[in-house]
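It should be emphasised that the depicted structure is a prediction, and the values quoted were computed from it without experimental measurement. A note on names: the letters A, B, ... follow the listed sequences, proteins ahead of strands, and every chain is numbered from 1.
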Number of protein chains: 2
Amino acid sequence: MSYCANHTAPPYGAQRMTPQRQLISAATAAREGAFSVEALAADVGALDATIGVSTVYRAVTAMLASGWLERVGERDGSALFARCTAGGHHHHVVCDRCGRVATAECPLDVSVPGAMQSDGFVITRHEVMLYGLCPECAIADRDEE
Amino acid sequence: MSYCANHTAPPYGAQRMTPQRQLISAATAAREGAFSVEALAADVGALDATIGVSTVYRAVTAMLASGWLERVGERDGSALFARCTAGGHHHHVVCDRCGRVATAECPLDVSVPGAMQSDGFVITRHEVMLYGLCPECAIADRDEE
DNA sequence: TTGTATGCAAATGGTTTGCACCTAT
DNA sequence: ATAGGTGCAAACCATTTGCATACAA
């Protein structure tokens, strides 16, 4: 199924739905877990080798801006992204083995934004990145040892 | 005062205490809050302009390895570091305005490492970066508005 | 003496950008 | 028609590394 039906509003912040962005959003939707831009670009390249990396980067930027895609972590110096349907404030756990992603509640008390304190500091923003093993990989990992 | 008395073991993982590393560790110790390598290199450069950036980077790597210095966040694409005397597992809050740093307790339950779960995931590692305003800057900020 | 540290410059590598061309709207 | 999107290549920039030299131990 297509996430970008013809003559339909784009699923993310882009203002024009070009064939390139249709492929990119389809490739993004097809991905299961967390992925790097490099990996996404490889998928896209398999569909249309003429699409350049910068186009993928620009599309990713647009998808992030609209919230259709989220940055869920980092690996080997490159950012990891994943589609996320959860609403509201949350974080993600990324499986270090297969890349699967799950949403996680925020461990911080954000009920009163800007009022959280630690040593008198007013915390205005935070980043929480969680990594580990998904249920399946945890089992596979245990069996191997 | 010197953090590297002559003929004394280096305060961090380096194996040889060269004059360059004495200056670098002194400059590091003189810093109050979080700083980037660029900023540290500027301080060091003021003391001895012949010291190259790579030397500073290598010294920072050594300081991190020994735990004498910690990575406390990121800003504008470059890493932020700070000396930290706290022991055990903890995180840091960095003042977005003046760079002051405070230690913060880990908001996650790490009492049973590797057993923390979220959606069945076994969380093996995490990163928590906190940013905000230190008490003084919070007041200054309020007065300005 | 000997292996670690330095300084320089060049390489890395993910990400961004300038520019001329193309196209969805 | 026209603003936004694309492709290419070059630019960026923090950080790393190769290499010949210097020096702490």
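Using a 4.0 Å heavy-atom cutoff across all strands shown, A:Ser54 reaches at least one base atom of the nucleic acid. Within 4.0 Å (heavy atoms only), B:Thr50 reaches sugar-phosphate atoms of the nucleic acid but no base atom.
With hydrogens and angles ignored, no donor-acceptor pair closer than 3.5 Å exists between the side chain of B:Ser78 and the base of D:dC13. Evaluation of atom-type donor-acceptor distances gives a pair under 3.5 Å for the side chain of B:Arg58 against the base of C:dG7. For C:dT23, the base has a donor-acceptor partner in the side chain of A:Arg16 [N/O atoms by modelled type, under 3.5 angstrom].
The environment of B:Asp143 atom CG is dense: over 12 non-hydrogen atoms of other residues, nucleotides or ligands sit within 6.0 angstrom.
A donor-acceptor contact shorter than 3.5 Å is absent between the side chain of A:Arg71 and the backbone of A:Leu64.
Proximity note for B:Arg21 (side chain, C-beta onward) versus C:dA5, C:dG7, D:dC8: the nearest is C:dA5. Comparing atom distances between the B:Met17 side chain and each of D:dG5, D:dA25, C:dT6 picks out D:dA25 as nearest.
Side-chain contact of A:His91 with B:His126: a donor-acceptor pair under 3.5 Å is absent, judged by distance alone.
Of all heavy-atom pairs spanning B:Tyr131 and B:Gly73, the tightest one is OH-CA, 3.3 Å.
Note on B:Tyr57: every side-chain N or O is 4.0 Å or more away from OP1 and OP2 of D:dT16.
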